[in-house]
Amino acid sequence: MQADYDVILIGYGPVSQALALMLGRQGRKVAVIERWEQRYPLPRAVCIDHELYRVLHMIGMGEVLPSITQPGPVYQWFNADWEELLSIPWSLDSISGGPEVNFVHQPTLEQALDQAVDAQPTVEVMLGYEFLDATQYPEAATVSIENIATGDVRTLTAQFVIGCDGANSKVREIIGSTRTDLGFEADWLVIDVLLKDGVTIEQLGIPAAGQYCNPVQPTTIVPAGVRDGRVFRRWEFMRLPGVTNAEMEDEAQVWKFLEPWAGPGDIELVRHKVYNFRSLLADKWRDGRLMLAGDAAHVMPPFLGQGMCSGMRDAWNLAWKLDLVLDGNADAELLDTYQLERAPHVRQLMEMSIFLGKIICIPDAEQAAERDAAFANGTHPPFPAFPILTGGLLRHAQASDASDGAGQLSPHVFVSDEGRSGRFDQIVGGGFVLISRNGSAACALSAGQRAALAPIGLSEVVLASSEQGAGLRDIDGRLLTLLNTMGWDAMIVRPDFYIYGGSSAAGAGELVDDFIADLDRAGVHIPTATVA
Ligand SMILES: Cc1cc2nc3c(=O)[nH]c(=O)nc-3n(C[C@H](O)[C@H](O)[C@H](O)COP(=O)(O)OP(=O)(O)OC[C@H]3O[C@@H](n4cnc5c(N)ncnc54)[C@H](O)[C@@H]3O)c2cc1C
């Protein structure tokens, strides 16, 4: 059987769009199957974090992003008396450069991604097709799809099929994956509005980004992106016991909810809908040629704004692995590291979102008073740390030169070098990178290591240690600061920006040898004579 496509993506939500763009930029032949002719017009996600902002930059969206995003303000959580319970510094300068979080209008982001996908000559987007079934064979997988307008059924073949088909994923059902329920459930009315011309949140006295943890009516108030210079805002109101979804969605009630903040003279309603927030994680993300990404693999409450971000992280993790496999530089078993790396990361984010959900979703005055007291006297459990990668292709602790930083996200910096200057990712060009500081000749690859790593194309980057020193100058200083903090002279960064591991100059040879051995174990084809 000859495969028609390298990859078929089921669904054309933001996760599929990002993956289609990543694969298209690799030159892969991709088909995308989506049942709706039009993009989903209503907003859901409102924020993208710094990591995904960097990823989107890397896949060619850098020019459009500033015009469709707003930098995040501080995210404040208040009690019923508007006293701050906690704050999340979304406006701080992040390790990727720029704020921790940016706000975006999801349909506008999807439109921009769609245009970028459209410009990929090897990607074919098939709208108006229902995905029916998939079957696996030794050489390829077949996918049957129905043209919704005509009822015609067709069969396509591909090396891999990725179910980016959302929370009710059919691909998930086909691979027989159950889901673990992490136990959170709540219904919230989500209201999106546009500010009328000349109206500002400052005039209306609306917090820039906040959770109003008032048991009488738990409420979310956040920015919701910009389009053509117009400003979107979002309010969310928790459905309380005894109130129905229909009562929540009644337009008169919607205006009543908004009354303390704004009226028809200030804002225009864009949409309002009750969503059921759940926390469900697929137990199996891959079965041979079939895989899951995005909401098909995980859904979480949106209090941390990480649903779409996590789905795009899935796409980013899969894209470089598929690149190696489809080029014949790795066995398909490399794809087993996908769930191993992504599932624990997303599970921690789900738990963080639930942690936040439990702070706000308290409709009982007594429990809310206990919560407030716990924050006031410092006995409330601390806010969990943002996850790092903990499994998969990472240098593990058994290495003699301790690699505690393995699995961290690497910082992004602006660099300059012999008259050139720009983003590190743009100048270095992505892929696996060995970053070392100037003056550590021991960090250079040996001829044998270079031969071993030829199939994956590791780039070597030497950072100048001083203004005058030779090498790439780290203008922001974030990379050098990390090396200093970790006591490293060298580190290996993966194509998805996560750190494989780092070492002193004396341990650099062993770091690279461990990397080669780990690649080999994960299924990457390393010339046999060169494996340590
Ligand atoms: C109120 C709310 C707020 C949110 N806020 C944030 C936020 O701030 N930040 C964030 O990161 N995330 C947020 N999220 C989550 C985010 O919106 C989702 O995680 C994201 O849209 C999921 O994208 P996806 O591509 O995986 O799935 P979807 O967007 O659901 O796309 C799946 C696609 O598959 C298609 N499809 C399904 N089955 C078939 C079939 N059989 N045949 C053909 N096509 C099919 C569907 O039509 C759909 O287009 C929020 C969600 C909600 C509800």
Side-chain angles (χ1 to χ4, degrees), residues 8-20 31-49 51-53 55-56 69 72 75 90 101-107 109-110 113-114 125-134 143-148 161-174 186-192 209 220 222-225 232 234-238 271-280 282 292-315 346 349-350 353:
I8 296 180
L9 304 177
I10 310 299
Y12 195 47
V15 172
S16 174
Q17 291 181 316
L19 187 51
V32 184
I33 310 302
E34 166 60 50
R35 60 161 69 106
W36 302 113
E37 292 274 358
Q38 305 293 327
R39 302 293 328 114
Y40 187 67
L42 300 178
R44 288 173 293 164
V46 289
C47 48
I48 40 176
D49 68 20
E51 179 184 350
L52 272 305
Y53 203 86
V55 170
L56 291 172
T69 58
Y75 186 28
W90 272 347
V101 162
N102 279 280
F103 279 83
V104 71
H105 175 242
Q106 185 172 338
L109 174 65
E110 289 193 27
L113 282 167
D114 181 42
V125 179
M126 302 173 66
L127 302 176
Y129 284 87
E130 179 78 16
F131 162 70
L132 301 177
D133 206 355
V143 163
S144 55
I145 56 170
E146 180 183 340
N147 182 320
I148 294 173
V161 177
I162 321 288
C164 308
D165 49 346
N168 299 317
S169 169
K170 176 105 184 168
V171 179
R172 191 180 62 238
E173 191 187 309
I174 292 167
D187 290 336
W188 280 69
L189 171 70
V190 177
I191 305 173
D192 283 302
T220 303
V222 282
F232 290 93
R234 170 170 297 175
W235 276 264
E236 298 177 9
F237 298 90
M238 182 172 140
R271 68 85 187 252
H272 55 277
K273 179 172 164 35
V274 172
Y275 281 93
N276 179 237
F277 297 161
R278 305 280 314 264
S279 52
L280 299 164
L292 304 176
D295 276 19
H298 42 77
V299 290
M300 68 182 83
F303 304 111
L304 200 60
Q306 277 294 329
M308 180 182 72
C309 292
S310 296
M312 288 189 176
R313 261 185 216 106
D314 299 342
V346 80
L349 284 174
M350 291 167 73
S353 305

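Ligands are counted one by one from 1 in listed order, and the atoms in each one are counted from 1 as well. These figures come from a predicted structure and were not determined experimentally. Numbers here are sequence positions counted from 1.
- Closest to atom 42 (N) of ligand 1 among all protein heavy atoms lies F131 N, 2.9 Å.
- Atom 26 (O) of ligand 1 has its closest protein heavy atom at D295 N, 2.9 Å.
- Every heavy atom of K273 sits 4.0 Å or more from the atoms of ligand 1.
- Among protein heavy atoms, the minimum distance from atom 37 (C) of ligand 1 is reached at D165 O, 3.3 Å.
- When the options E110, M308, E34 are ranked by their closest heavy atom to atom 12 (N) of ligand 1, first place goes to M308.
- With a 4.0 Å cut-off on non-hydrogen atoms, M126 does not touch ligand 1 at all.
- Close N/O approach between G294 and ligand 1 is not found [any backbone or side-chain N/O within under 3.5 Å].
- In the vicinity of G13, heavy-atom distances shorter than 4.0 Å reach the ligand 1 atoms 25 (O), 29 (O), 31 (O), 33 (C).
- The distance from ligand 1 to the heavy atoms of G11 drops below 4.0 Å at these ligand atoms: 33 (C), 34 (O), 35 (C).
- Distance alone, capped at 3.5 Å, places no donor-acceptor pair between the D133 side chain and the S144 backbone.
- The shell of residues lying under 4.0 angstrom from ligand 1, judged by heavy atoms, includes Q106.
- Residues Y12 and D114 form a side-chain contact, since some pair of their non-hydrogen atoms from C-beta on lies under 4.5 Å apart.
- Within the 4.0 Å heavy-atom shell around ligand 1 one finds Y129.
- When Q106, R44, R234 are each tested for a side chain to side chain donor-acceptor pair (under 3.5 Å) with D192, only one passes: R234.
- For atom 25 (O) of ligand 1, the nearest non-hydrogen atom of the protein is V15 N, 3.1 Å.
- Taking the six-membered ring for Trp and thresholds of 30 and 60 degrees, F277 and W188 have nearly parallel ring planes, at less than 30 degrees apart.
- Partner of F103 under the ring-ring contact (aromatic ring centres under 6.0 Å, His included) criterion, chosen from F232, Y53, W90: W90.
- Listed by number with element, the atoms of ligand 1 under 4.0 Å from a non-hydrogen atom of W36 are 47 (O).
- Between the side chain of E236 and the backbone N or O of T220, no donor-acceptor pair lies under 3.5 Å.
- Below 3.5 Å of separation, one finds no N or O of A167 facing any N or O of ligand 1.
- When hydrogens are left out, the protein atom nearest atom 52 (C) of ligand 1 is R44 CB, 3.9 Å; that is the closest non-hydrogen contact.
- By the 3.5 Å distance cut-off applied to N or O atoms, P302 is not counted among the residues near ligand 1.
- At a threshold of 4.5 Å between non-hydrogen side-chain atoms, the residues Q17 and L9 do not count as touching.
- In this structure, C309 is part of the shell of residues with a heavy atom less than 4.0 angstrom from ligand 1.
- Protein heavy atom nearest atom 40 (C) of ligand 1, with residue, atom name and distance: R35 NH2, 3.6 Å.
- Under the 3.5 Å distance criterion, the side-chain polar atoms of D49 are left unmatched by any main-chain donor or acceptor of Q306.
- At least one side-chain heavy atom of M126 sits less than 4.5 Å from a side-chain heavy atom of I145.
- In this structure, the separation between CD on E173 and CG on N168 is 10.0 Å, given to the nearest 0.5 Å.
- Among all protein heavy atoms, the one lying closest to atom 27 (O) of ligand 1 is G166 CA, 3.8 Å.
- Judged by distance alone, with hydrogens and angles left aside, the side-chain atoms of S279 form no donor-acceptor pair with the main-chain N or O of M350 at under 3.5 Å.
- Note that CZ of R172 and CG of D165 are 8.0 Å apart. Values are rounded to the nearest 0.5 Å.
- A side-chain contact (heavy atoms from CB on, under 4.5 Å) with Y75 is found for exactly one of V222, V101, L304, namely V222.
- In this structure, the protein non-hydrogen atom closest to atom 1 (C) of ligand 1 is V190 CG2, 3.6 Å.
- Close approach to C164 involves these atoms of ligand 1, each under 4.0 Å from a residue heavy atom: 32 (C), 33 (C), 34 (O).
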